[in-house]
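All chains are named by letter (A, B, ...) in the order of the sequence lines, taking the proteins before the strands, and each is independently numbered beginning at 1. Treat the numbers as computed from the prediction; the structure is a model and nothing was measured.
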Number of protein chains: 2
Amino acid sequence: MKKGGGNITTLKERILNSAVELFYKKGFEATGVREIAKKANVSTSMINYHFGSKKGILKEIMEIFFSQMNEFLDNEHIEEKDLEHRLRAAIKSLVFALRKNEKMFKIIMIQIPEDDKELVNLRVENLKKIIFKKVFMNEFKGFDSDIRYDIIGPALSGMIFSHFLLKDLIPQITGATFDDNFYEIYPDYIADIYLYGALKKLI
Amino acid sequence: MKKGGGNITTLKERILNSAVELFYKKGFEATGVREIAKKANVSTSMINYHFGSKKGILKEIMEIFFSQMNEFLDNEHIEEKDLEHRLRAAIKSLVFALRKNEKMFKIIMIQIPEDDKELVNLRVENLKKIIFKKVFMNEFKGFDSDIRYDIIGPALSGMIFSHFLLKDLIPQITGATFDDNFYEIYPDYIADIYLYGALKKLI
DNA sequence: CCTTTTTTCAAACGAACGTTCGATTTAATT
DNA sequence: AATTAAATCGAACGTTCGTTTGAAAAAAGG
């Protein structure tokens, strides 16, 4: 029952970790409970016992993910007067937080069964409350009403989200590698592009 | 057998259209062949007869999609000298093309089973050859080697791809609606943000 | 130590899965 | 018109699915 490093990993955690790996790699629907149970070295009925159902794992993943995002993103609500600094700080913490939980993020964004209204609503409400409100909407308050907030906010969220959603695909196309060095510069580079434009970099 | 407007829709096309709708809405794995067959008003064995297998539908979807993308994007290789104009034209045609095939695009990007090497490779090669080479990589040739192409290209692709990948989710969060008016201005707005930065819009 | 509660197991359940099969129907060819 | 080829069907196949069940094991409580 002991795992290296002195940490005790409960059977429930083992199921959860195994599920995250498998859902990330193959998708929720394509992953069977027998496969999760085998990877976690438990019997399949433990999934129902601890999570209520296969879908219950998704619910738990979401609760853990949004709880952690709430924690990471809350730290950044320092009262910066300057939009640029606020945005840079927000981007930095968001990239940091998503990187820490990138498997859960991807699962939540694209593996939630759309016919499960409870899970779908849970996702929307938490995305709204924890990520969008803090990073992509509050930052743009108080500007002109002519501004297309429906484009300008999602443009930034799209840059960042897509990085994590397509993170396994992009290296196959561009040959990029995403190591620690990469993430040292990524947030500010993205912020530069977003705030000042790509031409500033190119010309 | 006749469908309104004089078009003859073959049984094979009916299967394909039904599959696209269902794969888009529920995902590939969560959609069963019986459901596709019922929606197309055929017997399930027709899927195997015409497509070889359930996965054969995905292959056909990819072939159709990339064939159409190749057609739409090819028209934009006019010899513009100016980077800005080239990028604007490329963004415009890409948004137009993706909008026309947005269901197939989403299916291809997130519903291909990762353990099917043939389909995965087919996706990578065609994305590379038809979309990235034409829009996100050729446009940046000839600039400084200091430039992080691994960030600057995917930043633009991410803005646009994520729009279509998350198109059902974003309206639930921001209340945005994506009608024809929206798409009238979207490409140039995105190009503005990308080329000159969001600050230009806000300040 | 005994009793109760909780956890865990393996087997079983009923349903659903994608594919195959042989018969029939339709279309094409001679 | 007869024959051949292609398309279509419904039933069946073997496998897999998520969940339930009762027994056993482990943990907790008095």
Query raised in the report: Considering residues at least two apart in sequence or located in another chain, which fulfil the ring pair (Phe, Tyr, Trp, His ring centres under 6.0 Å) criterion with Y49(A)?
Result: none

Query raised in the report: Rounded to whole angstrom units, what separation is found between the CZ atom of F51(A) and the P atom of dT8(C)?
Result: 11 Å

**Report entry** 4.5 Å side-chain heavy-atom contact, V120(B) and D115(B)
**Finding:** no

Requested in this report: Flag this pair as yes if the NZ/CZ of K103(A) is under 6.0 angstrom from the six-membered ring centre of F164(A) and inside a 45 degree cone about the axis; otherwise no.
Outcome: no

Query raised in the report: To the nearest angstrom, how far is M46(B) atom CE from dA23(C) atom P?
Result: 17 Å

Requested in this report: Give a yes/no answer on whether the side chain of Y49(B) brings an N or O atom under 4.0 Å of OP1 or OP2 in dA7(D).
Outcome: yes

Query raised in the report: the helix from dC1(C)-dG30(D) to dT30(C)-dA1(D): angle between its terminal axes, five pairs each, to 10°?
Result: 10°

**Report entry** No-hydrogen, no-angle side-chain donor-acceptor test under 3.5 Å, E184(B) and Y189(B)
**Finding:** no

Query raised in the report: If you draw the axis of the six-membered ring of F51(B), does the NZ or CZ of K12(B) fall within 45° of it and under 6.0 Å from the ring centre?
Result: yes

Query raised in the report: Starting at CD of E13(B) and ending at P of dT8(D), how long is that distance when rounded to a whole Å?
Result: 12 Å

Query raised in the report: Thinking salt bridges, do K92(B) and D188(B) make one under a 4.0 Å N-O criterion?
Result: yes

Report task. Check side-chain contact (heavy atoms from CB on, under 4.5 Å) between A155(B) and all other residues, then give those that pass, not counting sequence neighbours. Result -> M159(A), I190(A), I193(A), Y194(B)

Query - Between dC9(D) (P) and K38(B) (NZ): distance, integer Å - result: 15 Å

Query raised in the report: Counting just side-chain N and O atoms, does H50(A) come under 4.0 Å of either OP1 or OP2 of dT8(C)?
Result: yes

Requested in this report: Check side-chain hydrogen bond (donor to acceptor under 3.5 Å, both in side chains) between K167(A) and all other residues, then give those that pass, not counting sequence neighbours.
Outcome: E102(A), Y183(A)

Report task. Send over the distance from L11(A) CG to dT6(C) P, rounded to a whole Å. Result -> 17 Å

**Report entry** Sequence-aligned protein contact record of nucleotides 11-21 of chain C, with B where the base is within under 4.0 Å of a protein heavy atom and S where only the sugar-phosphate is
**Finding:** -B----BBBBB

**Report entry** Mutual orientation of the aromatic rings belonging to H163(A) and F182(A) [parallel < 30°, tilted 30-60°, perpendicular > 60°]
**Finding:** parallel

Query raised in the report: Is there a donor in the side chain of Y24(A) and an acceptor in the side chain of E114(B), or the other way round, less than 3.5 Å apart?
Result: no

**Report entry** Contacting residues from residues 106-115 of chain A, given that a heavy atom lies under 4.0 angstrom of DNA chain D
**Finding:** none

Query - Pair D192(B) + R88(B), salt bridge at N-O below 4.0 Å - result: yes

